[in-house]
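Only heavy atoms go into these numbers, but all of them, side chains included; no hydrogens, no water, no symmetry mates.
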Amino acid sequence: MDLLQISRSQLISEVYESEKMLKRLNNVPLDSRSYFSSSLLPYLSMICDGIDNLFPYEDTVALSSEFEDINGMSFTTLIKKIRASSKLLTDKKNIKTSIKILDSEMTKFHDELIKDYYMWQLAYVKILGQDDLGVFYYKNKPFANSSQINLYIKPFNSSVMGVRESLYKFGCQSARYISRFCSELEDGVPQLKKEAYITTIDCNDFTYRDYVYSQKKHRNIFNNAIDRGVALYLLNMQCQLNFALMLLDLLIEEHPLKYRIQLLIYYYSVQAIDFAFNSGYLAELEEHQETITTVIQTHKKLFKENTLRNNLFHYKLSEEVKPSFGESYFQAMVETHTAKSLEDLLATVYEEMDIVEKLIEEIIY
């Protein structure tokens with residue numbers, strides 16, 4: 001089996017799992033479903049982009065270019081841009097650039113919220129502040145927030161009031177693309193049975209709270225230990241970590257798709273800590289210095305080369321790994337690059353993710 005066939009085989013397995021995930025999501029009560037949907041956007045886009053890259057026109061008729069544009073942007077372009085948004089600005093070499101972007105987006109969002117206010121409403125905002133940062137909680141742990149979601153949906157170029165429609169269209173197109181691809185595979189994929197996509201979720205486990213962020217005088221989230229922009233930057237990572245640790249299990253079985261998402265979230269979250277630490281933003285947090293240094297060192301040992309990260313973020317695989325016949329390429333790939341068994345690697349990563357999530361919580365609140 002050549003490299004392209006191996007890559008396609010791995011992608012097909014994860015596409016099939018993503019279709020089960022989408023069917024499970026569709027069976028989640030509507031009120032809770034909305035909590036999940038936005039957090040999944042970058043990873044659905046990653047799968048759709050993988051189909052585009054590994055199955056060109058001559059191999060399948062399921063083309064992303066066949067879908068209608070959203071706000072003048074092609075579906076093909078959107079899946080690439082939204083896929084990249086999972087990095088949450090950790091691809092910027094200078095963290096100051098990321099903070100400026102976050103601040104700019106929050107200011108625009110705040111201004112959009114109050115642009116049609118009457119004089120008495122503006123007076124109220126001046127006295128008491130305007131909620132402009134929404135945080136979603138699962139069992140009292142934050143797993144998504146409006147700043148993070150705004151980065152995911154920024155490619156839509158929609159107004160605050162119009163983005164819901166764009167988001168709905170994109171979600172429908174992504175689901176249809178994945179479903180059509182599965183149905184058009186030459187060898188087919190196993191038919192999903194009803195029991196394979198039933199999930200039990202308690203809506204009472206989800207809560208939502210609004211906070212004042214943009215106005216310093218009225219800000220009621222974060223402490224004053226570090227720069228507010230850095231706190232927001234780290235909140236986005238904390239939300240991704242909790243999403244990976246707590247919510248993915250509700251939608252995805254023990255499968256490389258889940259491991260891929262979790263490993264990417266771990267990678268970018270610790271990278272964010274590393275950027276903030278080396279830029280001096282965390283220098284005054286003396287009680288956390290040892291923990292910060294340790295999690296960064298562990299991260300560097302696991303990702304000592306960029307090849308592992310690249311093979312997680314792209315479905316077109318590199319040639320370093322030579323799996324034996326019948327062996328899982330994903331397993332062979334991570335074991336080759338980390339010198340750990342997949343089981344040991346995941347145990348280490350889950351432990352580190354938990355440490356980093358708690359570390360961020362202690363730093364920003």
Discussion item. Salt bridge or not between Asp354 and Lys358? Use side-chain N to carboxylate O under 4.0 Å.
Written reply: yes
Worksheet entry | Salt bridge present between Lys80 and Asp52 (N-O < 4.0 angstrom) | no
Worksheet item: Do Glu254 and Tyr259 have side-chain atoms, one donor and one acceptor, less than 3.5 Å apart?
Response: yes
Worksheet item: Which word best sums up how the rings of Phe75 and Tyr177 line up, parallel for under 30°, tilted for 30 to 60°, or perpendicular for over 60°?
Response: perpendicular
Worksheet item: Does any non-hydrogen side-chain atom of Leu40 lie less than 4.5 Å from one of Phe243?
Response: yes
Practice prompt. Output all residues satisfying side-chain hydrogen bond (donor to acceptor under 3.5 Å, both in side chains) with Thr307, sequence neighbours left out; order by chain, then residue number.
Written response: none
Worksheet item: Regarding Tyr329 and Asn311, is there a side-chain donor-to-acceptor distance under 3.5 Å anywhere?
Response: no
Worksheet item: Would a distance-only check, ignoring hydrogens and angles, find a side-chain to backbone donor-acceptor pair under 3.5 Å from Asn71 to Met73?
Response: no
Discussion item. Using 30° and 60° as the class boundaries, would you call the ring planes of Phe136 and Tyr208 parallel, tilted or perpendicular?
Written reply: tilted
Fill in: Arg309 charged N/C atom sitting above Phe313 aromatic ring, 6.0 Å / 45°
yes
Worksheet item: Are any of the side-chain heavy atoms of Ile47 and Ile79 separated by less than 4.5 Å?
Response: no
Fill in: Under 3.5 Å donor-acceptor, Glu352 side chain and His299 backbone
no
Discussion item. Within the 4.5 Å heavy-atom criterion, are Gln121 and Val125 side-chain neighbours or not?
Written reply: no
Fill in: Check: Tyr124/Gln130 side-chain N/O donor and acceptor closer than 3.5 Å
no
Response to the item:
In terms of heavy-atom contacts, Val349 and Leu263 come closest through CG2-CD2, 3.7 Å
Worksheet item: Any salt bridge between Lys169 and Glu165, counting N to O under 4.0 Å?
Response: yes
Worksheet item: Is NZ or CZ of Arg219 both nearer than 6.0 Å to the six-membered ring centre of Tyr211 and within 45° of the ring axis?
Response: no
Worksheet item: Do Asp103 and Leu232 have side chains that get closer than 4.5 Å, going by heavy atoms?
Response: no
Worksheet item: CD of Gln10 to CD of Gln331: how many Å apart, nearest 0.5 Å?
Response: 10.5 Å
Discussion item. Between Tyr137 and Phe143, does the ring-ring contact (aromatic ring centres under 6.0 Å, His included) criterion hold? Intermediate values first, please.
Written reply: CA-CA 6 Å; Tyr137 296 86; Phe143 72 89; 8.4 Å; no
Worksheet item: Taking the six-membered ring of Phe67 as reference, does the NZ or CZ atom of Arg176 fall below 6.0 Å from its centre and within a 45° cone about the axis?
Response: no
Practice prompt. Answer yes when Glu14 and Arg260 have at least one side-chain N-carboxylate O distance shorter than 4.0 Å, and no when they do not.
Written response: yes
Worksheet entry | Donor + acceptor pair across side chains of Ser147, Asn150 (<3.5 Å) | no
Worksheet item: Under 4.0 Å between a Lys/Arg side-chain N and an Asp/Glu carboxylate O for Lys20 and Glu253?
Response: yes
Worksheet item: Does a side-chain N-to-carboxylate-O contact under 4.0 Å join Glu19 and Arg180?
Response: no
Practice prompt. Using a 4.5 Å cut-off on heavy atoms from C-beta on, say whether the side chain of Asn26 contacts that of Leu22.
Written response: no
Worksheet item: Going by distance alone, is a donor N or O of one side chain under 3.5 Å from an acceptor N or O of the other, for Ser74 and Thr77?
Response: yes
Item to complete: Give a yes-or-no answer on whether the side chains of Gln262 and Tyr266 include a donor-acceptor pair shorter than 3.5 Å.
Response: no
Item to complete: Indicate yes or no: at least one non-hydrogen side-chain atom of Leu128 is less than 4.5 angstrom from one of Val212.
Response: no
Worksheet item: Who pairs with Ser86 by side-chain hydrogen bond (donor to acceptor under 3.5 Å, both in side chains), at least two apart in sequence or on another chain?
Response: none
Worksheet item: Under 30°, 30 to 60°, or over 60°: which ring-plane class applies to Phe222 and Tyr213, parallel, tilted or perpendicular?
Response: perpendicular
